[in-house]
Amino acid sequence: MKYIPSDIEAKWQKYWDEQKSFEPESGHEKPKKYILSMFPYPSGRIHMGHVRNYAIGDALARYWRKRGVNVLHPIGWDSFGMPAENAAIKHKLHPKKWTYDNIAYMRKELSALGLSFSRSREFATSDPLYTRWEQKFLIELYEKGLLYRESTKVNWCESCHTVLANEQVEEGRCWRCDSEVIQKEMPGYYLDILSYADELLEDLKKLEGKWPQQVLTMQSNWIGRSQGLAFTFELSEASRAKLGGAFEGFEVFTTRPDTIFGVTYAALAPEHPIVKALIEKGALDEETAKRITAIANMSEVERAKQEKEGYPLGIEAIHPLTGQKVPVWTANFVLASYGSGAVMAVPAHDERDYEFATKYDLPIKRVIEGGDLPYTEPGVLVDSGEFSGMKSEEAKAAIIQKMEALGKGEGRVNYRLRNWGISRQRYWGAPIPFIHCPECGLVPEKEENLPVTLPEDVEITGEGNPLESHPTWKETVCPKCGAKAKRETDTMDTFVQSSWYQFRYATDPVKWERTGIDKEDARYWMPVDQYIGGIEHAILHLLYARFFTKALRDLGYHDIDEPFARLLTQGMVLKDGAKMSKSKGNVVDPDALVAKYGADTARLFILFAAPPTQELEWNDSAVEGAHRFLRKLYDRAVKTTPCEALPTIDHGALEKNEKEARKKVYEALKKGEEVYTERFTFNTLIAACMEALNALDKQKNEAVWQEGMWVLLNLLEPIVPHIAWELSDRLFGRENFGIIEPKEEVFVADTIGMGVSVNGKPRAQIEVAPGASKEEILKIAKAAVPKWLEGKTVIKEIVVPGKLVNLVVK
RNA sequence: GCGGACGUGGUGGAAUUGGUAGACACGCCAGACUUAGGAUCUGGUGCCGCAAGGUGUGGAGGUUCAAGUCCUCUCGUCCGCACCA
């Protein structure tokens, strides 16, 4: 009988479909596992990255299912987004049709891989029912003050014609299309992620050891919490007069209040209101004013590349503790977007201030003892009035306290994190359910009118927002007063949808229709026990999803703090050392691979070639190798006699090769436990199975073969399910798909191999009886290496039972 | 610049607590079977050497009876952050 993957795979896929084999049980009594691979964007076809992602998730889901655990392993579609509109422009297809056609096609592709997804919970984020609940959440967040609308400078992508969140700008470029991002003043909706900043940071500790350290570090840096002192620099009287009394002073923030006595100047961002006012009043010479305006128009990224540059503003601020006057400058390195856009400058203890002071010949005053300037380490204060002699930490607290007592400042925490701008000026997204009423202002849509859906008859040109230019869609009435009003035409960032989809899956589909997230279901299934996805989402999606989970908790929808208990970040799939991409022409098509070798080979290779967290280099001949193993497994199984139960074997009566084969089989079984539950290094498990099959091949005992197949097919089922179900069905009626306990007797060896080293160099191999004493082992060891002991004295003997003997000689 | 990860045969990778480095696989070499083979099977394969033996985990030191594993320095690759006061 020949191994024909296509026949076997079609047969079992049909069976699983008909039997609804992978639906979770609705009861909440059994132990559960929620295994989730990040859902795909329906771009048209699946790629190898998907295959890897879902092969890992499927292996875990199938493993737990065999252990009798209630498993939720869902799939869905992150189906709103720009590419659908780009396709509409290019191919004259409606975004909705394009999207749902893609979903249908990709669903087939995934089915062909034999993935054990729950079909009943599949959905797309563009489904109106999903939008309905999402809009409801948004309105509730608004009512709670966690969503607001404001006009401010935003990141605008000229190519995508839309606003981007801070997280979606990478080195000044759009995360999706890589074109340059400009700053533009625009109104938009913001989610107050900042009010969760502390919790988001604090809860990273709970994920320690369960998420990759790298991701935790990235999130922590992104949140960027810093603690310090905020205080107001009052302007001198003359300076106030110069500004026409419009400003009393300006606020600054510092994390080093201990260096406050070292302040020799203050610096404002070029777009600071005081700078603007001075320019408007003509208080600065024309040349300088021009230059400052030019800097203010540069992006932060551009500015970062420039040398430090600044100009004296001709005004003075009063030091809050010494009363001395310090000059106020504007400088290109002061960020308008952080803190209050102004800083106190301590050149002696800050590298940037030092560089600037040196360039413009500003005074430098040391207030911390220590090495060469600029000295940025903490230390003992000098020349700091009543605080001299204190250590930095102590002084920080004392100075904050003093400033608070004087009413001149306060201890404050600042974050690098900004609030999440969710407005997008695009068509193919979830509408933001608000209405602009000339009388009542911003009004949420009534709940019974949800979801606010997209109009179907739109023209998509890539220019402007199609909802804005639609003739009638935005015309509506105010839900409050009934007057004529306009609908909001912004749609939501698609990251909103992926921030809570884990709750959609966790809810029974029938309950979902009626009530949205079900608290009891969420309590049972959440959090996701194992989440699997690419490292590229380390900040964006994973931070948003953590935030949204907490926000929904506080709206009362569930009581989970963190959505993903464990996270595995898979490595990329490469070919010729580069990421697969159409433009490089190095794409390996999963469909073609499945057609040629079958899904099992594709899955086996992708899990065997590298541990899941590492990059995986594609190798066609290694795929052949994986296929060869499956053919061999099939061939040997066909030659094995079927049986109904695990055969009983008298281990003591076996030949050496037979014992060895059993040992390898049960070693593989033990490895399986570890790999499926803790380590996820499927490559080592597959290697162990290969070793076991090789060892079985070296003996002919029928019962040993039966037992070997019984165990190996069980172990391999999560990885190569079709062939495993087929063979197990024929040989054992699938009775072997349960928990198999390792048989300890096979690990009791007649003799144990040990290495003998002399002066640390391996010289010989010996075989000793299992219970041999140290003396006996040494005797055998010495007899094995006469050549190396001749004429020498043994001065030290080290015996590590079962491992090696090391003789130190002189 | 700062932070992190990694560096093992021709290749992908094993080595879980310091204890026989290179499991497993790819490739390659030789042979068997065959009309043929890019099928299958057998054997070999870190490097140098006919061998004995030597040598070997990016490099240099160190700790230890023993180091891929621990420590110090250094080189390289990749990733993240990048004036955040």
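Only this structure's heavy atoms are used, side chains among them; waters, hydrogens and symmetry mates stay out. Everything quoted here is computed from the prediction, not taken from an experiment. Residue numbers start from 1 in every chain, and the chains themselves are labelled A, B, ... in the order their sequence lines are given, proteins ahead of strands.
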Pick base, sugar-phosphate or nothing for [X], based on heavy-atom distances below 4.0 Å to the nucleic acid.
X      : answer
A:E617 : nothing
A:T217 : nothing
A:N806 : base
A:E667 : nothing
A:R763 : sugar-phosphate
A:G753 : base
A:W788 : sugar-phosphate
A:A304 : base
A:V800 : base
A:F608 : base
A:V346 : nothing
A:E615 : sugar-phosphate
A:R631 : sugar-phosphate

Taking C-beta and beyond as the side chain, do [X] and [Y] meet within less than 4.5 Å on heavy atoms?
X      : Y      : result
A:L616 : A:R52  : yes
A:I766 : A:V768 : yes
A:F605 : A:H627 : no

The answer to which of A:G224 and A:L616 contacts RNA chain B further toward the 5' end, by nearest nucleotide, is A:L616

Which sits closer to the 5' end of RNA chain B, A:S757 or A:A336, going by the nucleotide each is nearest to? A:S757

Nearest-Å distance for atom pair [atom1]/[atom2], residues [X] and [N]:
X      : N     : atom1 : atom2 : answer
A:W618 : B:G13 : CH2   : P     : 14 Å
A:Q214 : B:A5  : CD    : C1'   : 7 Å
A:N759 : B:U20 : CG    : P     : 17 Å
A:L630 : B:C26 : CG    : P     : 12 Å
A:E797 : B:C65 : CD    : P     : 15 Å
A:W222 : B:C81 : CH2   : C1'   : 9 Å
A:M572 : B:U77 : CE    : P     : 17 Å
A:F605 : B:A25 : CZ    : C1'   : 10 Å

Below 4.0 Å: OP1/OP2 of [N] and any side-chain N or O of [X]:
X      : N     : result
A:K787 : B:G53 : yes
A:R416 : B:C81 : no
A:N683 : B:A14 : yes
A:K761 : B:G54 : no
A:R628 : B:C26 : yes
A:R636 : B:U40 : no
A:Q614 : B:G13 : yes
A:K803 : B:G19 : no
A:S226 : B:A85 : yes
A:N694 : B:A25 : yes

Determine the Euclidean distance between corresponding [atom1] atoms of [M] and [N]; express it in Å to zero decimal places.
N     : M     : atom1 : result
B:G37 : B:A30 : P     : 14 Å
B:U72 : B:U63 : P     : 15 Å
B:A36 : B:G54 : P     : 47 Å
B:C47 : B:U35 : C1'   : 42 Å
B:A67 : B:G22 : P     : 16 Å
B:C6  : B:A52 : P     : 39 Å
B:G56 : B:G61 : P     : 11 Å
B:U17 : B:C28 : P     : 36 Å

With A:K308 as the cation and A:F356 as the aromatic partner, state whether NZ or CZ is under 6.0 Å from the six-membered ring centre and within 45° of the axis. no

Suppose we define a pair by two distances each less than 3.5 Å, Watson-Crick or G-U wobble; what does [N] pair with here?
N     : answer
B:C73 : B:G59
B:C2  : B:G80
B:A23 : none
B:U40 : B:A32

Name the residue from A:L321, A:V252, A:I400 that meets the side-chain contact (heavy atoms from CB on, under 4.5 Å) definition with A:F231. A:V252

Looking at A:K671 and B:U16, is any side-chain donor or acceptor paired with a base atom of the opposite kind under 3.5 Å? yes

Can you check whether any acceptor in the base of B:U16 is under 3.5 Å from a donor in the side chain of A:E674, or vice versa? yes

Donor-acceptor under 3.5 Å (A:N414 side chain, A:S226 main chain): no

Please check this pair: side chain of A:N657 against backbone of A:K698, looking for a donor-acceptor N/O pair closer than 3.5 Å. yes

CD/A:E307: more than 12 non-hydrogen atoms of other groups inside 6.0 Å: no

If the plane angle is over 60° it's perpendicular, under 30° parallel, otherwise tilted; pick one for A:F233 and A:F250. tilted

Classify the ring geometry between A:Y666 and A:F747 as parallel (under 30°), tilted (30 to 60°) or perpendicular (over 60°). perpendicular

